[in-house]
Each structure stands twice: as C-alpha cells, then as structure tokens.
Participant: 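Below is the structure I would like to discuss, written out as structure tokens.
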Amino acid sequence: MVSRSAQGTLWCSIWAISIAVLLNSGFIQARRTIGNMNIIDKCWRTNPNWRSNRHQLATCSVGYVGKMRNNTGPDVTNYKVTDPSDDALDPKPGTLRYAMTSIKGKVWITFQRDMSIKLEKPLLVNSFTTIDGRGVIVDIAYGACLLLQEANNVIIHGLRIHDCVAQGAGPVMGPNGKIVQLGPVDGDAIRMVGSSKIWVDHNTLFDSHDGLIDVTRGSTDITISNNWFRFQDKVMLLGHDDGFQADKGMKVTVAFNHFGPHCQQRMPRVRFGYAHVVNNLYLGWGQYAIGGSMNPNIKSQANLFIAPEGNNKEITWDSSEDGNFMSIHDVFENGASFKESLDEGAVVSPDYRPDQNFEVADGRVVRSLTKSAGALKCPRISRC
C-alpha cells in the first residue's frame, strides 16, 4: 500500500512531466510555424510584443522598396482612427482622411476597433505615411479607394480593400489641407502615380471596378508582398500605357502573394520596366497570369503555378512579342507551362542593393510561405 506522502510525490511528478511535455510540444509547434514563415513575416510576427513595437515592421521590408526606416524615429506622430466616417472636403478629427490632410510630417496610423470605411472621394495618401491595420479588421470598400500621387515612403499594411468604384472628377482635400481638383478615377483599390518607395504588404484585395493595384507614370522602387488577390479580372498593372516611356525606369518586386481564386489576368502585366516576380502562388488564371508589352524585363523565380482546368495552361502573354520573360526554378502543376523569350543581352537579374536583397525560397514550399497572405487576424495577446 502506497502512503499518502508517496502518492503526493507521484502526482507532483506526473503533473510536472505533463506540464513539461505540453510546454515542449508548444515550443516545437511554434518553431514549426515560424519555420513556415517567409522572410518578411519572420522579422516581426515572431515578436509577441509586436503591439508595443509596431515600428519594427519598417525594418522588415525587402525587394526594391528597401527598408522603410524613414517612416520611423522620434518625430513620428502616432495617430489612431476612431471614426469610420468620411468627408472629402472637411474631414473630422479621428477619421482616416484627417490624418492625411491635417498632420504634417511622419505619421503612423492605427485603428481603435474593427471598422468599415466608405470613402466619398479617393484618399490622397501623403508621403511618410504608414497605414497599419494589424489587430483589427479594417475594410475600405463600396466607395473610392487609395491614390498615391507623387508620394514616397508609404507603407500600406493589414487592410481589406474591395468593391472600389469609379469616381467622377471633383475636389478633395489633400495633404496640408489643400483642396485638390482630381480628374475621373477608374476604381482601382490602390493606384500609384509618380510615386516611389511604396510597400504594400498583407492586404486582402478583391472585386474592384477596374484593377486592384496600378503602378503608373514613373512610379518605382515598389514592393508588393504577402497580399491576397481574389475575384478580380484585371489584378495588377505595372506601367501606365504603351506611350509612357518614363516607365522604363520602373522597378517592382512582387513576392509572397496569393493570386486566386478567380483572378483572370495581370498578375502582373508589365509595360517597359522590370519586375521580379518571386515566391508567389497562382491558383489558376483566366486569360493569362504574367503578361507584358513594350519590351519589359520580367524574372519569374520560384513561383508555384497551378494551371486551371481546361485548355489554357500557358502562364505568359506578350502583346508585342518583344518582352524578356525568364523563368527560373518555378514549379508547375496541372500542366502549367511558361514560354520564355529573351533578347540577347537582356537584363534578368534584379541587381538588388544589400538593403533590398533577400534569399529566395524553394518554389516547392510556396504553399506554406503564402499560407498567411492577406490581412492577418492577430490575437490581442501573443504573436500575430
């Protein structure tokens, strides 16, 4: 017969072993989860105190945008959106537009709670602005959406932008409280015009009138990463039109994104410039996945292409048949095929600076690298 003291010692030992097993299994699970993250997410999502260290995000960007340290520092104004309403000409304090029009210098914008914002007119995003939707669910939908006009040093992170509609010409309050006369806009979720050093990361974009992202009129040094694009005909346009030769200097990194379901074309379509399309997942396409015109240079690297059912297995489309399309270490499923075309002496290397460079992952692990693409649902406690 076992004594009570011996029984107590035995139960304490069992309890201690059980706790150790639970903690160890949790640690192993955490390590496995971290191991499946891409290089951007590993930089900040592993930090359980990310809420009190939001500005760490600015050190995590890769690709042509480089690091976003210009968006941090002691001179940053931290602004919290408390009011989802919008007035295009007289924005109220607490609204998203008020931060763009009335706060000078660097601003880091967060949101008090879940909210849906219907913009009356396009929101002119100012330079040195971070829009950080982490920790809440923020929809910008059913109205105008975001316009970056000669802006630089901008981070757009953690938003759901969808059902953007075309807008007629009219006035809107812009940076520094100035009234700007805007022409008609087509209904893009995010449009960049003559802008540089822009990072679009971890957003969910779908169902807009024209496209989801346009990079136009001399915009360059852009990284588009970790986004979820779905239910859209024209997804991403890089380069204004066939006559705007200033886009020859455009450089864009498209990395770790999830395209699909039901994305038809332009993932991306490139005119003139250079695009490094890397470690993305393509869940089918309609007309094509990657297209171009006006002699663009496109390096497709270690992406996962899952062809749609039916006869359209070709990934590329070149309207002028003079583009440089290169595929290296891509993974093809369900019969997907990539038609390469390279001119002699064509530039196919992104030629990144040290602050832009990153290690490309094996295309066979792209499913796990893009598993968390789109706006994240971050818990109130612990890591995101």
Participant: Treat each ILVMFWY residue as a node, draw an edge where side-chain heavy atoms are under 4.5 Å apart, and state whether Val277 and Leu281 are in one component.
Facilitator: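 No, separate clusters.
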
Participant: So, the side chain of Glu340 versus the backbone of Ser327: is there a donor-acceptor pair under 3.5 Å, distance only?
Facilitator: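 It does hold such a pair.
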
Participant: Under a 4.5 Å side-chain heavy-atom rule over Ile, Leu, Val, Met, Phe, Trp and Tyr, are Trp285 and Val331 clustered together?
Facilitator: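 No; tracing contacts between hydrophobic side chains, which count when under 4.5 Å, never links both residues.
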
Participant: Are the side chain of Asn47 and the backbone of Arg45 linked by a donor-acceptor contact shorter than 3.5 Å?
Facilitator: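 Not a single qualifying donor-acceptor pair exists.
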
Participant: Return the set of residues passing salt bridge (Lys or Arg N to Asp or Glu O under 4.0 Å) with Arg113 (not counting sequence neighbours), or none when no residue passes.
Facilitator: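 Expected list: none.
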
Participant: Once salt bridge (charged side-chain N to carboxylate O under 4.0 Å, His left out) is applied, what residue pairs with a partner in residues 267-285 remain, sequence neighbours excluded?
Facilitator: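 Pairs touching residues 267-285 that pass the test: Asp242-Arg271.
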
Participant: Quick one: CZ on Phe259 to OG1 on Thr370, what's the gap to the nearest 0.5 Å?
Facilitator: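 Nearest 0.5 Å value for the CZ-OG1 distance: 10.5 Å.
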
Participant: With a 3.5 Å distance limit and no angle check, can you tell me whether Thr253 reaches the backbone of Tyr64 through a side-chain donor-acceptor pair?
Facilitator: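 At least one qualifying donor-acceptor pair exists.
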
Participant: Answer yes or no: is there a side-chain heavy-atom contact under 4.5 Å between Asn324 and Asn295?
Facilitator: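 Yes, their side chains come closer than 4.5 Å.
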
Participant: Under a 4.5 Å cut-off applied to non-hydrogen side-chain atoms, are Asp362 and His329 in contact?
Facilitator: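 A side-chain contact is absent here, since even the closest heavy-atom pair is not under 4.5 Å.
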
Participant: Can you find a pair of side-chain heavy atoms, one from Ile117 and one from Phe111, that are under 4.5 Å apart?
Facilitator: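 Result yes, sub-4.5 Å side-chain heavy-atom pair found.
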
Participant: What's the separation between atom OH in Tyr98 and atom OG1 in Thr82, rounded to the nearest 0.5 Å?
Facilitator: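 It comes to 11.0 Å.
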
Participant: Each residue besides Val165 in its hydrophobic cluster should be listed here, by chain and number; the cluster joins Ile, Leu, Val, Met, Phe, Trp and Tyr at side-chain heavy-atom distances under 4.5 Å.
Facilitator: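 Hydrophobic cluster check, Val165: no partners found.
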
Participant: Please give the remaining members of the hydrophobic cluster of Leu237, linking ILVMFWY side chains under 4.5 Å, ordered by chain and number.
Facilitator: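 So far as hydrophobic clustering goes, Leu237 is joined with none.
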
Participant: Please round to the nearest 0.5 Å and tell me the distance separating atom CE of Met173 and atom CG of Asn176.
Facilitator: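 The CE atom of Met173 sits 10.5 Å away from the CG atom of Asn176.
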
Participant: With no hydrogens and no angle check, is any side-chain donor or acceptor of Tyr274 less than 3.5 Å from a backbone partner on Val348?
Facilitator: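 Indeed, once roles are kept as given, a pair shorter than 3.5 Å links the two residues.
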
Participant: State, with a plain yes or no, whether a side-chain heavy atom of Met68 is found less than 4.5 Å away from one of Thr130.
Facilitator: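 No - every pair of side-chain heavy atoms lies 4.5 Å or more apart.
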
Participant: Would Asp221 and Lys197 pass as an ion pair if we require N to O under 4.0 Å?
Facilitator: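 Result for this pair is no, no salt bridge flagged.
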
Participant: Kindly write out the residues that satisfy side-chain hydrogen bond (donor to acceptor under 3.5 Å, both in side chains) with His157, not counting sequence neighbours, or none if the list is empty.
Facilitator: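 For His157 the side-chain hydrogen bond (donor to acceptor under 3.5 Å, both in side chains) partners, ignoring immediate neighbours, are Asp201.
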
Participant: Using 0.5 Å steps for rounding, measure from the CG atom of Asp132 to the CZ atom of Arg51.
Facilitator: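 Nearest 0.5 Å value for the CG-CZ distance: 10.0 Å.
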
Participant: More than 12 non-hydrogen atoms from neighbouring residues, nucleotides or ligands closer than 6.0 Å to NZ on Lys92, yes or no?
Facilitator: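 At most 12 heavy atoms, drawn from other residues, nucleotides or ligands, come within 6.0 Å of this atom.
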
Participant: Would Ile222 and Met250 count as a side-chain contact (heavy atoms from CB on, under 4.5 Å) if you check the C-alpha gap in whole Å, the side-chain angles of each, and the deciding distance to 0.1 Å?
Facilitator: CA-CA 9 Å; Ile222 313 293; Met250 176 183 62; 6.0 Å; no

Participant: Examine distances only and state if a side-chain atom of Thr223 and a backbone atom of Val62 form a donor-acceptor pair shorter than 3.5 Å.
Facilitator: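 Yes, because the side chain of Thr223 sits within donor-acceptor range (under 3.5 Å) of the backbone of Val62.
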
Participant: Between Asp75 and Lys106, is the closest basic N to carboxylate O distance under 4.0 Å?
Facilitator: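 Looking at Lys106 and Asp75, the cut-off is met.
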
Participant: Can you tell me how far CG of Leu148 sits from OG of Ser219, rounded to the nearest 0.5 angstrom?
Facilitator: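 Result: 8.0 Å between the selected atoms.
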
Participant: Hey, what else clusters with Leu124 if you join Ile, Leu, Val, Met, Phe, Trp, Tyr whenever side-chain heavy atoms sit under 4.5 Å?
Facilitator: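 Its cluster mates, by chain and number, are Leu147, Val172, Val180, Leu182, Val193.
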
Participant: For Asn70, enumerate each residue passing the side-chain hydrogen bond (donor to acceptor under 3.5 Å, both in side chains) test, keeping only those at least two apart in sequence or located in another chain.
Facilitator: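 side-chain hydrogen bond (donor to acceptor under 3.5 Å, both in side chains) list for Asn70, sorted by chain: Asn153.
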
Participant: For atom CG of Asn311, decide whether the heavy atoms of other residues, nucleotides or ligands shown that lie under 6.0 angstrom number more than 12.
Facilitator: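 At most 12 heavy atoms, drawn from other residues, nucleotides or ligands, come within 6.0 Å of this atom.
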
Participant: Taking only residues two or more places apart in sequence, or in another chain, which ones meet Cys145 in a disulfide bond (SG atoms under 2.5 Å apart)?
Facilitator: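 By the disulfide bond (SG atoms under 2.5 Å apart) rule, Cys145 matches Cys164.
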
Participant: Kindly work out whether a path of hydrophobic side-chain contacts (I/L/V/M/F/W/Y, heavy atoms less than 4.5 Å apart) joins Phe231 to Leu205.
Facilitator: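 Unlinked, Phe231 and Leu205 end up in two clusters.
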
Participant: Answer yes or no: is there a donor N or O on one side and an acceptor on the other, between the side chain of Asn203 and the main chain of Gly158, under 3.5 Å?
Facilitator: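 At least one qualifying donor-acceptor pair exists.
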
Participant: So with a 6.0 Å cut-off around NZ of Lys118, is the heavy-atom count from everything else above 12?
Facilitator: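 Atom NZ in Lys118 is not packed in, count stays at 12 or less.
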
Participant: Is it true that, when you exclude Lys234 itself, more than 12 heavy atoms of the residues, nucleotides or ligands shown sit nearer than 6.0 Å to its NZ?
Facilitator: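 At most 12 heavy atoms, drawn from other residues, nucleotides or ligands, come within 6.0 Å of this atom.
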
Participant: Can you tell me if CD on Gln181 sees more than 12 non-hydrogen neighbours from other groups inside 6.0 Å?
Facilitator: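 Check passes, neighbour count above 12.
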
Participant: Run the numbers on His162 and Tyr142 for side-chain contact (heavy atoms from CB on, under 4.5 Å), then give the verdict.
Facilitator: CA-CA 7 Å; His162 57 95; Tyr142 306 110; 3.9 Å; yes

Participant: Start with the C-alpha gap between Asn226 and Asn38, add the side-chain angles, then the distance that decides, and say whether side-chain hydrogen bond (donor to acceptor under 3.5 Å, both in side chains) holds.
Facilitator: CA-CA 9 Å; Asn226 287 310; Asn38 61 58; 2.7 Å; yes

Participant: Working to the nearest 0.5 angstrom, can you tell me the gap between His202 NE2 and Ile155 CD1?
Facilitator: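 Output value for this atom pair is 13.0 Å.
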
Participant: Would you say that more than 12 heavy atoms from the other residues, nucleotides or ligands in this model lie under 6.0 Å from the NE2 of His55, or not?
Facilitator: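 Counting other residues, nucleotides and ligands, NE2 of His55 exceeds 12 neighbours.
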
Participant: Taking only residues two or more places apart in sequence, or in another chain, which ones meet Glu120 in a side chain to side chain contact (heavy atoms under 4.5 Å, CB included)?
Facilitator: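 Checked Glu120 against side chain to side chain contact (heavy atoms under 4.5 Å, CB included); matches are Asp86, Asp87, Ala88.
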
Participant: Within the structure provided, determine whether Lys121 and Val185 are in side-chain contact (heavy-atom separation under 4.5 Å).
Facilitator: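 No, every pair of side-chain atoms sits at 4.5 Å or beyond.
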
Participant: Other members of the hydrophobic cluster containing Met294, with the 4.5 Å side-chain heavy-atom rule, please.
Facilitator: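 Direct or chained contacts put Met294 with Phe272.
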
Participant: Mind checking what makes ring-ring contact (aromatic ring centres under 6.0 Å, His included) contact with Tyr79, not counting sequence neighbours?
Facilitator: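 If we apply the ring-ring contact (aromatic ring centres under 6.0 Å, His included) test to Tyr79, skipping adjacent residues, there are no hits.
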
Participant: Would you say the side-chain atoms of Asp247 pair up with the backbone N or O of Gly218, donor to acceptor, closer than 3.5 Å?
Facilitator: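 Such a contact is found between Asp247 side chain and Gly218 backbone.
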
Participant: Going by heavy atoms in the side chains, are Asn227 and Val200 under 4.5 Å from each other?
Facilitator: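 Of all side-chain heavy-atom pairs linking Val200 with Asn227, at least one is under 4.5 Å.
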
Participant: Quick one about Asn334 and Glu309 (side-chain donor to acceptor, distance below 3.5 Å, no hydrogens or angles considered), yes or no?
Facilitator: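 Yes.
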
Participant: Do Phe338 and Thr316 touch side chain to side chain, with heavy atoms closer than 4.5 Å?
Facilitator: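 Sidechains of Thr316 and Phe338: in contact.
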
Participant: Mind checking whether Asp41 and Lys371 have side chains closer than 4.5 Å, heavy atoms only?
Facilitator: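 Sidechains of Lys371 and Asp41: no contact.
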
Participant: Glu333: what forms a side-chain hydrogen bond (donor to acceptor under 3.5 Å, both in side chains) with it, not counting sequence neighbours?
Facilitator: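 So Glu333 forms a side-chain hydrogen bond (donor to acceptor under 3.5 Å, both in side chains) with Arg367.
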
Participant: Taking Trp228 for the side chain and Gly260 for the main chain, is one N or O donor matched with an acceptor at less than 3.5 Å?
Facilitator: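 Checking the backbone N and O of Gly260 against the side chain of Trp228, a donor-acceptor pair under 3.5 Å is found.
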
Participant: Counting N and O atoms only, with roles assigned by atom type, does the side chain of Arg54 sit under 3.5 Å from a partner on the main chain of Arg134, one being a donor and the other an acceptor?
Facilitator: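 Such a contact is found between Arg54 side chain and Arg134 backbone.
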
